[in-house]
Amino acid sequence: MSNPDVVIVGAGLAGICCARALVKEGVSFQLIEAGDRVGGRVRTDLVDGFLLDRGFQVLLSAYPEALQQLDYDRLQLCAFAPGAIVRCDGRFFRLPDPWREPGSFMSSLFTPVGGLMDKFRLSRIRSAVLHKTVEEIFASEDISTMQALRRRQFSQAMLDRFFKPFIGGVMLDSKLTVSNRLFEFVFKMFAEGDAAVPAEGMQAIPRQLAETLPEGSIRLNERVHSISRNQVKLSTGEVLQSKHIVVATEGPEASRLLGFERTVSSRSVCTLYFAAKEPPVDEPMLVLSGSSRGPINNLAVMNMVAPGYAPAGEHLISITVLGWPSREDQTVVSMVRGQLRHWYGLVADEWRLLRMYRIEHGLPVVSPMEWQQPSRLAEGLYVCGDHRSTPSIQGAMESGRLTGEAVVRELKGQPDPVTRVKKDEPKLPEMPDWDDD
Ligand SMILES: Cc1cc2nc3c(=O)[nH]c(=O)nc-3n(C[C@H](O)[C@H](O)[C@H](O)COP(=O)(O)OP(=O)(O)OC[C@H]3O[C@@H](n4cnc5c(N)ncnc54)[C@H](O)[C@@H]3O)c2cc1C
């Protein structure tokens with residue numbers, strides 16, 4: 001396509017959802033992707049018959065945008081059992097979700113993972129978020145999750161043994177510094193739906209979304225080197241002309257391409273995958289480390305959730321280590337093995353390491369002030385992605401769609417106002433000088 005109406009840089013969920021909004025209105029576009037497949041951070045590798053998501057992640061089926069855009073039946077979503085198994089005091093404690101497994105209520109009351117009052121407080125949060133709309137949650141007081149949980153007087157045991165590994169694992173933030181608004185939103189999503197993975201791996205999500213894009217509209221293995229007014233320059237030197245450009249890359253790369261003064265910083269994470277002959281857990285429930293000792297934050301046997309994740313007779317164990325370990329990979333693996341031996345005995349030594357993923361840019365660090373920022377930066381220039389919204393699959397998809405719709409409005413002669421930097425938002429990025437050549 002020589003002169004498309006729009007060039008979109010990046011074919012992650014945001015870029016694809018932006019393209020889908022353009023397709024709806026018959027607007028032509030070219031999607032430029034540096035990787036060899038679409039999906040960005042939502043990718044799955046096939047290794048020795050195992051499906052390895054690039055980093056442990058789940059789709060929360062209640063995400064409003066996913067409900068609108070995805071066909072769950074065709075994805076064959078496979079759900080985790082609600083609740084968690086917590087490892088602490090040298091034992092495993094099963095904490096099912098009492099609202100979904102009513103008979104379990106009494107057994108979960110008497111564990112070292114928080115006391116009776118903690119369970120009562122948890123039920124109050126659940127009820128509160130179920131009664132609030134997403135808009136009300138996003139308009140509520142902006143304090144950190146840890147501050148909010150302390151205000152609610154959760155015990156230290158409940159914070160350390162449940163919230164830190166559980167919410168820390170979802171937000172990649174074990175200190176729970178992330179906004180309480182995001183916590184409440186995610187908690188609402190957990191309460192209203194399932195945490196699930198598609199039968200064929202997380203990559204099935206972007207694959208399904210991209211199915212409706214016209215043939216030839218996506219160029220893979222092409223890295224954008226720079227952009228300037230109405231021009232996108234690829235690393236090969238080729239220059240694409242377009243009156244409308246959408247930058248849909250991850251935050252740090254968007255900052256580079258757009259010349260933002262402030263680079264979006266990231267939360268990092270490592271995922272290790274092991275193959276085992278016997279599963280360490282016999283149900284599709286997440287295992288959390290309720291102790292700060294050892295590198296493991298959470299563990300799941302993926303084929304217990306979705307059988308296709310492992311070949312017959314084998315089991316796929318996914319292990320999450322938060323952050324970016326300064327140690328070499330080999331040392332991280334042996335420390336993880338040491339902890340697993342502690343948990344499951346010598347049998348863990350027999351597990352075969354399939355792959356270790358280090359993901360530097362797991363989630364962007366964004367404050368609620370930056371959520372849902374208008375995406376029009378200048379005439380014909382837009383930005384979208386999870387760093388412009390809530391850092392999640394929901395945020396990326398919604399930000400992409402809204403941006404596509406904003407581009408359509410500009411094409412129809414009804415452009416949105418250009419984003420202004422407010423005095424009280426000093427950290428918001430400034431636009432660079434936009435050269436004219
Ligand atoms: C390990 C991990 C666990 C997660 N867990 C969850 C979870 O459980 N639930 C949840 O909702 N969310 C989770 N997320 C977050 C979710 O995956 C992301 O928020 C979402 O996928 C971001 O999509 P995006 O389109 O904004 O960005 P990306 O997916 O990063 O897409 C950006 C695209 O731009 C391309 N690109 C970059 N630079 C260039 C360039 N110069 N030229 C061309 N192309 C370029 C990249 O290759 C990429 O394909 C997790 C993320 C990770 C990494």
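Note that the coordinates shown come from a computational prediction; the quantities given were computed from them, not determined experimentally. Ligands are counted one by one from 1 in listed order, and the atoms in each one are counted from 1 as well.
- Annotation: F56 is not in aromatic contact with Y357 [ring centroid separation under 6.0 Å not met].
- Judged purely by atom type and a 3.5 angstrom limit, S144 uses its side chain to pair as donor or acceptor with the backbone of Q147.
- Under the 3.5 Å distance criterion, the side-chain polar atoms of N303 are matched with a main-chain donor or acceptor of L316.
- For atom 52 (C) of ligand 1, the nearest non-hydrogen atom from the set G362, P206, A254, C270 belongs to G362.
- Residue G385 approaches ligand 1 through these ligand atoms, each under 4.0 Å from one of its heavy atoms: 26 (O).
- Residue, atom and distance of the protein heavy atom nearest to atom 21 (O) of ligand 1 are V42 CG2, 3.4 Å.
- Closest protein heavy atom to atom 11 (O) of ligand 1: Y63 OH, 2.6 Å.
- Below 4.0 Å from some heavy atom of E222 lie the following atoms of ligand 1, by number and element: 43 (C).
- Considering backbone and side-chain N/O of V224, one or more are found under 3.5 Å from N/O of ligand 1.
- In this model, no donor atom of one side chain and acceptor atom of the other lie less than 3.5 Å apart for N297 and T320.
- By the neighbour-count criterion of 12 heavy atoms within 6.0 Å, atom CG of D71 is densely surrounded, having more than that number from other residues, nucleotides or ligands.
- Within the listing of ligand 1, atoms 38 (N), 39 (C), 40 (C), 41 (N), 42 (N) sit less than 4.0 angstrom from a heavy atom of R223.
- Proximity annotation for atom 23 (O) of ligand 1: of A396, S399, S226, G39, A396 comes nearest, heavy atoms only.
- Between atom 1 (C) of ligand 1 and the options L363, L31, V269, I393, the minimum heavy-atom separation is to V269.
- Of the N or O atoms in G15, none lie within a sub-3.5 Å distance of an N or O in ligand 1.
- Looking from atom 36 (N) of ligand 1 to the surrounding protein, the closest heavy atom is T249 CG2, 3.9 Å.
- The closest non-hydrogen atom to atom 14 (N) of ligand 1, taken over R54, Q57, R267, M397, comes from Q57.
- Atom 43 (C) of ligand 1 has A34 N, 3.4 Å as its closest protein atom, hydrogens excluded (heavy atom only).
- Considering backbone and side-chain atoms together, Q394 places no N or O closer than 3.5 Å to any N or O of ligand 1.
- With R267 contributing its side chain and V365 its backbone, the two residues share no donor-acceptor pair below 3.5 Å.
- Each of the atoms 42 (N), 43 (C) of ligand 1 lies under 4.0 Å from some heavy atom of V9.
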Starting from the C-alpha separation in whole Å, work towards a yes-or-no answer on salt bridge (Lys or Arg N to Asp or Glu O under 4.0 Å) for E410 and R376.
-> CA-CA 10 Å; E410 184 168 337; R376 187 165 177 259; 2.7 Å; yes
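- Considering backbone and side-chain atoms alike, E33 places an N or O below 3.5 Å from some N or O of ligand 1.
- Close approach to L13 involves these atoms of ligand 1, each under 4.0 Å from a residue heavy atom: 21 (O), 25 (O).
- Using a 4.0 Å cut-off between heavy atoms, F56 contacts ligand 1 through its backbone alone, with no side-chain atom that close.
- Defined by atom type and a distance below 3.5 Å, a donor-acceptor pair is present between the side-chain atoms of D53 and T44.
- Among all non-hydrogen protein atoms, the one lying nearest atom 18 (C) of ligand 1 is D386 OD2, 3.5 Å.
- If you look at H387 next to ligand 1, there are no close heavy atoms at all, none under 4.0 Å.
- Among residue pairs with one or both ends in residues 129-138, those qualifying as salt bridge (Lys or Arg N to Asp or Glu O under 4.0 Å) are K132-E184; sequence neighbours excluded.
- In terms of polar-atom proximity, defined here as any N/O pair under 3.5 Å, S392 does make such a contact with ligand 1.
- For the ring-ring contact (aromatic ring centres under 6.0 Å, His included) with F190, the lone residue among F185, Y63, F80, F166 that qualifies is F166.
- For Q68, the CD atom is densely surrounded, since the number of other residues' heavy atoms within 6.0 Å is greater than 12.
- Taking every non-hydrogen atom of G55 and a distance limit under 4.0 Å, the qualifying atoms of ligand 1 come out as 1 (C).
- In terms of protein heavy-atom proximity, atom 37 (C) of ligand 1 is nearest to E250 OE1, 3.3 Å.
- Nearest protein neighbour of atom 25 (O) of ligand 1, counting heavy atoms only, is A14 N, 2.9 Å.
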Listed pairs under 3.5 Å, donor-acceptor, residues 401-409 side chains, sequence neighbours left out:
residue: R401; atom: NE; partner: E65; partner atom: OE1; Å: 3.4
residue: R401; atom: NE; partner: E65; partner atom: OE2; Å: 2.5
residue: R401; atom: NH1; partner: E405; partner atom: OE1; Å: 3.3
residue: R401; atom: NH1; partner: E405; partner atom: OE2; Å: 3.1
residue: R401; atom: NH2; partner: E65; partner atom: OE1; Å: 3.0
residue: T403; atom: OG1; partner: S375; partner atom: OG; Å: 3.3
residue: T403; atom: OG1; partner: S399; partner atom: O; Å: 2.7
residue: R409; atom: NE; partner: D416; partner atom: OD1; Å: 2.8
residue: R409; atom: NH2; partner: D416; partner atom: OD1; Å: 3.4
residue: R409; atom: NH2; partner: D416; partner atom: OD2; Å: 2.9

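- Between V58 and ligand 1, at least one pair of N/O atoms sits closer than 3.5 Å.
- You'll find the ring centres of Y273 and F50 outside the 6.0 Å limit.
- Near I32, meaning under 4.0 Å from one of its heavy atoms, ligand 1 places the atoms 43 (C), 44 (N).
- Only the side chain of I359 comes within 4.0 Å of ligand 1, counting heavy atoms alone; its backbone N, CA, C and O stay farther away.
- Which parts of ligand 1 touch G40 is read off a 4.0 Å heavy-atom cut-off, strictly below it: atoms 29 (O), 31 (O), 48 (C), 49 (O).
- Among all non-hydrogen protein atoms, the one lying nearest atom 31 (O) of ligand 1 is G12 CA, 3.4 Å.
- Remark: the backbone N or O of S268 is not paired with any side-chain donor or acceptor of S266 at under 3.5 angstrom.
- The side-chain tip of R337 does not point at the ring of W351 from less than 6.0 angstrom away and within 45° of straight on.
- Contact annotation: for C384 versus ligand 1, there are no heavy atoms closer than 4.0 Å.
- Under 4.0 Å is where a charged nitrogen must lie from a carboxylate oxygen, and between R355 and D48 no such pair does.
- Annotation: side chain of L51 is not in contact with side chain of M302 (no heavy-atom distance under 4.5 Å).
- The proximity of T271 to ligand 1, defined as any non-hydrogen pair under 4.0 Å, does not occur for either the backbone or the side chain.
- Note: K188 NZ to I137 CD1 = 5.5 Å, rounded to the nearest 0.5 Å.
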